[in-house]
Amino acid sequence: AVDALWVLVALGSFLIPDDGVRVALVYLRSVLALTAAVAWTYFAAVYTGRSTALRTPINLLVLVLYVYGVLVILTNPLHHLLFREVVVVEDPYTYAMGIPGPLMLPTVGVMSVALLVGLHYVVALFVNSKGRSKVALAVLNVGIVSAAMPYILRVVEAVPTPEFIVPST
């Protein structure tokens, strides 16, 4: 449901002609992306039979990091540390984008922690399950690595990426 809402908000940011709404939707999209990561962790905990109680340290950590992320996103217009600026770009089509600020990487790290915790839960279930095929575990791991590889290669600059024109601030 969170992913579907994120898609609708992203679509709205292209279709709604009001620039103020487009800028607001950048923040809403960011909150929804963070929420989707935490929802995945919650799903993985329930699916694998783990506790979702906040007395469990990892659950408390995910909640604290989620609250941190949401606060950073919602207060960005005051401090401009997540996005230095949110601008409306008109070429090749009109859309709003955030220019990354110094808190962008830690906030993406928060989402990554939530996603990795969920992946850990699912992988641990496969590893610890009796009678489960190790082929399924191998396929799961290959899928995880394959999904992450384009991002990893881009971050370490191992592959060329197209240059996008980022509006000057």
Side-chain angles (χ1 to χ4, degrees), residues 1-14 24-76 81-83 86 95-162 164:
V2 174
D3 290 339
L5 186 55
W6 182 89
V7 167
L8 291 175
V9 168
L11 183 62
S13 67
F14 289 107
L25 291 178
V26 167
Y27 293 108
L28 180 57
R29 226 175 34 231
S30 298
V31 169
L32 289 171
L34 186 58
T35 302
V38 173
W40 155 252
T41 304
Y42 180 80
F43 164 80
V46 170
Y47 178 77
T48 60
R50 293 176 182 265
S51 171
T52 56
L54 292 179
R55 67 179 176 274
T56 307
I58 195 70
N59 294 342
L60 184 59
L61 174 66
V62 169
L63 177 65
V64 167
L65 291 176
Y66 174 73
V67 170
Y68 153 80
V70 170
L71 287 175
V72 166
I73 293 166
L74 296 180
T75 60
N76 188 74
L81 294 173
L82 179 66
F83 301 120
V86 178
Y95 63 97
M97 66 179 268
I99 308 298
L103 287 183
M104 178 58 78
L105 190 58
T107 305
V108 169
V110 166
M111 286 196 304
S112 299
V113 166
L115 292 170
L116 289 173
V117 166
L119 285 173
H120 165 72
Y121 288 167
V122 172
V123 169
L125 175 70
F126 274 88
V127 168
N128 297 325
S129 293
K130 292 183 175 31
R132 261 198 222 267
S133 167
K134 297 301 178 197
V135 172
L137 179 60
V139 169
L140 178 64
N141 284 322
V142 167
I144 292 167
V145 171
S146 298
M149 195 53 64
Y151 177 75
I152 293 168
L153 291 174
R154 184 176 60 83
V155 167
V156 299
E157 298 179 357
V159 294
T161 55
F164 293 99

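Counting begins at 1 with the first residue of the sequence.
The only option from Val122, Thr35, Val2 that meets the side-chain contact (heavy atoms from CB on, under 4.5 Å) definition with Trp40 turns out to be Val122.
Remark: the backbone N or O of Ala114 is paired with a side-chain donor or acceptor of Thr41 at under 3.5 angstrom.
The minimum heavy-atom distance between Ser51 and Thr56, with the atom names listed, is OG-OG1, 3.5 Å. Across every non-hydrogen atom of Gly118 and Ala44, the tightest pair is O-CB, 3.5 Å. Scanning both residues, Ala96 and Val26, for their nearest heavy atoms gives CB-CG2, 3.6 Å. The two residues Asn59 and Ala53 have their closest heavy-atom pair at ND2-O, 3.0 Å.
Here the straight-line distance linking atom CH2 of Trp6 with atom CG of Leu34 works out to 13.5 Å at 0.5 Å rounding. For the atom pair CZ of Phe83 and OH of Tyr27, the computed distance is 6.5 Å after rounding to the nearest 0.5 Å. Rounding to the nearest 0.5 angstrom, the gap separating the OG1 atom in Thr52 from the CZ atom in Phe43 is 13.5 Å. Distance OG1/Thr107 to OH/Tyr68: 4.0 Å, rounded to 0.5 Å. Remark: Leu60 CG to Leu65 CG distance equals 9.5 Å, nearest 0.5 Å. Separating the CG atom in Leu125 from the OG1 atom in Thr48 is a distance of 6.0 Å, to the nearest 0.5 Å.
Put simply, the side chain of Leu115 does not reach to within 4.5 Å of the side chain of Ser112, judged on heavy atoms. Met97 is listed as a side-chain neighbour of Ile99, based on a closest heavy-atom distance under 4.5 Å.
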